[in-house]
Amino acid sequence: MYMSEPSTSTSTNKKLSKRAERKRAERSKKFKQRGTKKPSRPKGKNVYKLHSTAVSVLTVNSTAQDVIRAIKRAQNLHDAHDLRNIERFLLEEVDEHYAYGYRGSLLSRLAVAAMHMDEDELATKALEVRRKVHSETMLPLESAAIVRGLLRMHKIKEALDVLDKELSVSLDVPEDHEEAAAHKEKVKHRALAIASFASRECFEDNPQLAAQACDMLREVGPIVRAAGISSEELNLPWLRIVQGATQYESHKRKNMIAERAVDENVHDTPCNLVYSVLDAMSTFPSENRDDVYECLSNALVRRTQFVTGAVDMSGIPKGDRGEVAFIGKSNVGKSSLINMITNRKSLAYTSKRPGKTQQFNYFAINDKPELEREIRFGDDVEGDKDEDSFYIVDLPGYGYAEVPEFQKSAWKEFMAEYMTQRKTLKVLFHLLDSRHGPGREDREIMKQVSETLPTRTKYVVVLTKSDKNTKGKTKRNSGKVTDKVMETVRQAMKENGLGNTPVLLTSAESKLGRDKIWRYMRLAAQS
């Protein structure tokens, strides 16, 4: 007798039934192990139903952790229904004492989630109650998150208002330990919030607001130092900010920027927005990160081209842009330093034999793309130099240069003439070996600078090879100079009337000092 087999649907239903029973048994076992009862769904007027299975309702018996889980789920799944019910629960069902006064923090989380979902009205209502009722318990972390949320919704005025009212800081550090810790936390989150402001406005091609944010960072930098916050502890997103400024500059050169209304109350932007970022970075504890400064150097030095080697004033290029010049002994590491700050391997020629540079070598930075063809073949090339174009001038080395005395005398005359007549010379970098300090020739240069260099040109002393003075180099110990050498340098400057001259410590090996040199090189780019 033929017996038909059970249908597939019947078999499947039995399997599902067994699986459901097994899951129920597992859940019951878990609750018994925890010593808790299975939560029952309360019924009544003040029950706020949610779509979540983990937290299906909110009642006065719900914990703060329940509310946080519900907010996270609603934000991740963009569940506006749950978010509105959570708001009703926090504003209508419980008061400011809920969860031991934690309601203010829950409203902050709710507001951030609402801004993430573009629920403007809901966020505004939550922030108003938070500010009115919970002003004394507001945390810097929450305020910074709210600032980022407002920036995301393009509410710049409101974001700046939160920064001023909730994250305002001063340079003075409280003496009390607990107050000092609270001050440190507020400084940290103010800096992080402003960094988010700078990054967002850079990527949104809004240079005025980006420059304003960088100015705000520059102002908070000294406060960060005074509070004793390290670069590792702060961890500002400098790389992203530089990348955003670089992207904006690229769009600007390609005429891809949409016209915006200019706010007369906001200052003008620099020739390259990256310089604003550089100014801000210089006020914070230095990280000296290769990825950040390589990105920065590539943004500021996009094209390089050797233009000419001049032996007298008639051979130098037309003064149509600013320029910076580097001078120093033949073995001071001048070419290596130039290559380091421009992030190029062989822009300036480095040699084991001192005195290789025997003319005024001019390098054009950010000139028109086809400049090399114009120089080499005389072709008429279209285009113009970029707005931030300038010259780097590698001057002849002295001291060890194996050249006749009449040649050295000619260089000296050329140098005096160059310093007095070259109106586009913005910065003269005088390089000294940090291991030895100034020699006789260096003192002669200082004397010549004191007598002939116009006030329009900035004179800067640069101590090179500082990594040679350290053992076991680390990021925090990438170069130094002895007190004896530093005192010799100061004394030599003072004897020649150059006592207020800035002194920079550098190393082409450890990349130390590249940020400080760029702060002066920008004077040529912006002229």
Side-chain angles (χ1 to χ4, degrees), residues 207 242 245-257 269-278 293-327 334-335 337-350 357 359-396 418 421-429 456-458 514 517-527:
V242 173
T246 302
Q247 176 181 288
Y248 162 75
E249 289 296 331
S250 176
H251 290 172
K252 183 177 72 172
R253 289 190 296 272
K254 296 175 182 178
N255 296 320
M256 295 170 58
I257 305 297
T269 57
C271 61
N272 190 320
L273 189 56
V274 179
Y275 283 119
S276 289
V277 183
L278 178 65
Y293 282 101
E294 284 179 8
C295 182
L296 186 143
S297 296
N298 292 336
L300 299 178
V301 181
R302 299 176 297 281
R303 296 182 299 277
T304 62
Q305 177 61 48
F306 173 73
V307 178
T308 187
V311 295
D312 54 35
M313 290 297 290
S314 63
I316 62 179
K318 181 176 65 174
D320 60 350
R321 70 199 75 179
E323 59 193 60
V324 297
F326 292 82
I327 189 171
K334 182 159 45 70
S335 298
L337 187 73
I338 293 174
N339 291 335
M340 182 265 285
I341 58 180
T342 57
N343 198 33
R344 298 295 191 276
K345 292 183 178 180
S346 57
L347 176 62
Y349 183 78
T350 58
T357 302
Q359 55 189 3
F360 282 37
N361 290 329
Y362 269 79
F363 299 92
I365 308 298
N366 303 333
D367 210 309
K368 52 187 175 183
E370 298 295 328
L371 179 64
E372 182 180 8
R373 186 157 58 90
E374 183 176 273
I375 294 173
R376 293 184 62 183
F377 306 111
D379 295 348
D380 187 12
V381 177
E382 295 183 357
D384 197 4
K385 61 183 177 63
D386 290 345
E387 186 181 357
D388 59 344
S389 178
F390 63 99
Y391 285 125
I392 290 179
V393 190
D394 186 6
L395 303 181
Y418 172 73
Q421 297 183 19
R422 190 64 166 175
K423 295 182 179 180
T424 53
L425 177 61
K426 300 301 177 183
V427 187
L428 177 64
F429 292 104
R456 65 174 177 265
T457 302
K458 190 75 175 177
R514 50 190 165 182
I517 291 182
W518 267 113
R519 289 182 63 193
Y520 291 99
M521 289 178 64
R522 68 172 296 177
L523 299 176
Q526 292 188 192
S527 62

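Since this is a predicted model, take the numbers as computed values, not measurements.
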_Test salt bridge (charged side-chain N to carboxylate O under 4.0 Å, His left out) applied to Arg302 and Glu249, step by step_ = CA-CA 11 Å; Arg302 299 176 297 281; Glu249 289 296 331; over 6 Å; no

Heavy-atom closest contact ([X] atom, [Y] atom, distance):
X      : Y      : value
Arg321 : Ser389 : NH1-OG, 3.0 Å
Leu273 : Pro207 : CD1-O, 4.0 Å
Arg422 : Ile316 : NH1-CD1, 3.4 Å

_Less than 4.0 angstrom from a charged side-chain N to a carboxylate O is my criterion; do Asp384 and Lys368 meet it?_
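The answer is no: the pair does not qualify as a salt bridge.
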
*Electrostatic pair Lys252-Glu387, nearest N-O below 4.0 angstrom*: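 A salt bridge links Lys252 with Glu387.
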
Supply the atom-to-atom distance [X] [atom1] to [Y] [atom2], rounded to the nearest 0.5 angstrom.
X      : Y      : atom1 : atom2 : answer
Asn272 : Asn366 : CG    : CG    : 8.0 Å
Ile365 : Thr304 : CD1   : OG1   : 5.5 Å
Asp367 : Ile375 : CG    : CD1   : 7.5 Å
Asp388 : Gln526 : CG    : CD    : 9.0 Å
Ile341 : Ile392 : CD1   : CD1   : 5.5 Å
Lys426 : Tyr391 : NZ    : OH    : 14.5 Å

Output yes when a side-chain donor or acceptor of [X] lies under 3.5 Å from a complementary backbone atom of [Y], and no otherwise.
X      : Y      : answer
Ser250 : Thr246 : no
Arg344 : Val301 : yes
Lys334 : Pro396 : no
Arg373 : Leu371 : no
Ser527 : Ala524 : yes
Thr457 : Leu425 : yes
Thr424 : Gly322 : no
Asp312 : Gly315 : yes
Trp518 : Leu278 : no

*asked:* Evaluate Val393 against Val324 for side-chain contact (heavy atoms from CB on, under 4.5 Å), listing each step before the verdict.
replied: CA-CA 6 Å; Val393 190; Val324 297; over 6 Å; no

*Parallel, tilted or perpendicular: which fits the ring planes of Phe429 and Phe326, with parallel below 30° and perpendicular above 60°?*
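Phe429 and Phe326: parallel rings.
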
Decide yes or no for [X] and [Y]: does some side-chain heavy atom of the first lie under 4.5 Å from some side-chain heavy atom of the second?
X      : Y      : value
Tyr418 : Phe360 : yes
Phe363 : Asp394 : yes
Asp386 : Arg303 : yes

*Which is it for Phe390 and Glu323 under the side-chain contact (heavy atoms from CB on, under 4.5 Å) test, yes or no, and what are the steps along the way?*
CA-CA 5 Å; Phe390 63 99; Glu323 59 193 60; 5.8 Å; no

_Worked check of side-chain contact (heavy atoms from CB on, under 4.5 Å) between Lys385 and Asp320_ = CA-CA 10 Å; Lys385 61 183 177 63; Asp320 60 350; 4.1 Å; yes

*Would you find more than 12 non-hydrogen atoms of other residues, nucleotides or ligands less than 6.0 Å from Arg456 atom CZ?*
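Counting neighbours around CZ of Arg456, more than 12 heavy atoms of other residues, nucleotides or ligands fall under 6.0 Å, so yes.
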
*When you look at Tyr248 and Ile257, which way does the side-chain contact (heavy atoms from CB on, under 4.5 Å) test go after all the steps?*
CA-CA 8 Å; Tyr248 162 75; Ile257 305 297; 3.8 Å; yes

